[in-house]
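Order of appearance sets the numbers: ligands from 1, and atoms from 1 within every ligand. These numbers come from the heavy atoms of this one structure, side chains and all, not from hydrogens, waters or symmetry mates.
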Amino acid sequence: MRLITFEGLDGSGKSTQARLLAEWLREAGYTVEMVREPGGTDISERVREMLLDPRNEISPFAELLLFSAARAQLVAERVQPLLDEGTLVLCDRFFDSTTAYQGFGRGLADPGWLDGFHRKVTGGLVPHRTYLIRITPVEAAHRRRGRSEDDRMEAAGEPFHERVAEGYDWLAAREPDRVHVLDGTRAIELIATDIRRDMRQMLDGGTAGRS
Ligand code: T5A
């Protein structure tokens, strides 16, 4: 059983890389499911709508709890059962997003407190590998340009996203074995190749998720 997560600023290319990895793993014979955060269940998708609607004013602590509520439901209803049956689960964002966006971005809570809180929310589930796709907030804003209206989190401003980026760097420095940093300014296929190489090493010798 393996939980693989993708992290980074909005527009860093996480969804693109998660999709490419899922395709590659399926071709290699693995059973793979993709989920996204916040979302992935009826309840979590409803919470997502609340969180991302730019018309909503949500207090920072309520925001932390809502992202975590969506995650608790996703883990209980989908992720843990899938892992239990041997499926590889690729998750677009997980609790590192809360540490980076609410912990660092909102300046809400110290990471030590968040660590314990995340484990309560997920029933102790921690990703086996996390790919952090690193781009600058300026590059992220550039990539989002021309898309539809910014959602509530994207509209939080550049200083906020600078603090989020610092949060991710802090996480990568603290947990280098789990959090692998990839230079997200490179070509999509080069990043995908690095991820595949790492996954191949991780899965070699194991039978996780292979049908
Ligand atoms: N949030 C989430 C919190 O604050 N706390 C939490 O606990 C959680 C879970 C979610 C928002 O909620 C926040 C974070 C977010 O602000 P979302 O709509 O799910 O919102 O947004 P994102 O996860 O940011 O998803 P995006 O689709 O915006 O970005 P991705 O997935 O990083 O990027 P992707 O793959 O869609 O690519 C974006 C564009 O860049 C291009 C793609 O083709 C696409 O056009 N691209 C590249 N271009 C050049 N070079 C590359 N290497 C490229 N890779 C992709």
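Protein heavy atom nearest atom 40 (O) of ligand 1, with residue, atom name and distance: R143 CD, 3.5 Å. For atom 2 (C) of ligand 1, the nearest protein heavy atom (residue, atom name, distance) is F67 CE2, 3.4 Å. Protein heavy atom nearest atom 42 (C) of ligand 1, with residue, atom name and distance: T16 OG1, 4.1 Å. If you check which protein heavy atom lies closest to atom 11 (C) of ligand 1, you get L52 CD2, 3.9 Å. In terms of protein heavy-atom proximity, atom 22 (P) of ligand 1 is closest to K14 NZ, 3.4 Å. Nearest to atom 54 (N) of ligand 1 among the protein's heavy atoms is I188 CG1, 3.5 Å. Atom 21 (O) of ligand 1 has D10 OD2, 4.0 Å as its closest protein atom, hydrogens excluded (heavy atom only). With hydrogens left out, the protein atom closest to atom 28 (O) of ligand 1 is R147 NH2, 2.9 Å, a heavy atom.
Checking atom 15 (C) of ligand 1 against the protein gives a heavy-atom contact under 4.0 Å. Put simply, atom 45 (O) of ligand 1 has no protein non-hydrogen atoms near it, under 4.0 Å away.
Scanning for side chain to side chain contact (heavy atoms under 4.5 Å, CB included) contacts around E166 gives an empty result, with sequence neighbours left out.
The backbone N or O of D115 lies less than 3.5 Å from a partner atom in the side chain of R119, making a donor-acceptor pair. With E27 contributing its side chain and W24 its backbone, the two residues share no donor-acceptor pair below 3.5 Å.
Dense packing is recorded around CZ of R48, with more than 12 heavy atoms of other residues, nucleotides or ligands lying under 6.0 Å away.
Interface atoms of ligand 1 facing T98, defined by a heavy-atom separation under 4.0 Å, are 6 (C), 7 (O). Using a 4.0 Å cut-off to heavy atoms of M153, the atoms of ligand 1 that qualify are 4 (O), 12 (O), 13 (C), 16 (O). For ligand 1, the atoms sitting less than 4.0 Å from at least one non-hydrogen atom of I191 are 52 (N), numbered in the order shown with element in parentheses.
Rounding to the nearest 0.5 Å places CD of E37 at 10.5 Å from CG of L51. Taken from OG1 in T5 to NE2 in H128, the straight-line distance is 10.5 Å, to the nearest 0.5 Å. One finds the CG atom of D198 at 9.0 Å from the CG atom of D194 (value rounded to the nearest 0.5 Å).
Side-chain contact annotation: T31 with T87, donor-acceptor N/O pair under 3.5 Å absent. Donor-acceptor pairing under 3.5 Å is lacking for the side chains of S44 and R78.
Distances from ligand 1 to the non-hydrogen atoms of R36 include no value under 4.0 Å. Contact between Q17 and ligand 1 is absent, with no heavy atom of the residue lying under 4.0 Å from the ligand.
For atom 55 (C) of ligand 1, the choice among G8, P38, G11, G13 with the nearest heavy atom turns out to be G13. Atom 5 (N) of ligand 1 has its nearest heavy-atom neighbour, among R186, H161, Q102, H118, in Q102. Scanning C91, A100, S15, A155 for the heavy atom closest to atom 36 (O) of ligand 1 points to S15.
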Could you give me the CA-CA distance, side-chain angles and deciding distance for E45 and R36, then say whether salt bridge (Lys or Arg N to Asp or Glu O under 4.0 Å) is met?
CA-CA 10 Å; E45 289 290 337; R36 69 166 178 185; 2.9 Å; yes

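Note on ring orientation: taking the six-membered ring where Trp is involved, the planes of Y101 and H161 are perpendicular (angle over 60°, cut-offs 30° and 60°). Aromatic ring orientation, Y131 versus H180: perpendicular (interplanar angle above 60°, classes split at 30° and 60°).
For R48, every heavy-atom contact with ligand 1 shorter than 4.0 Å involves the side chain, none the backbone. Residue T185 does not touch ligand 1, judged by heavy-atom distances below 4.0 Å.
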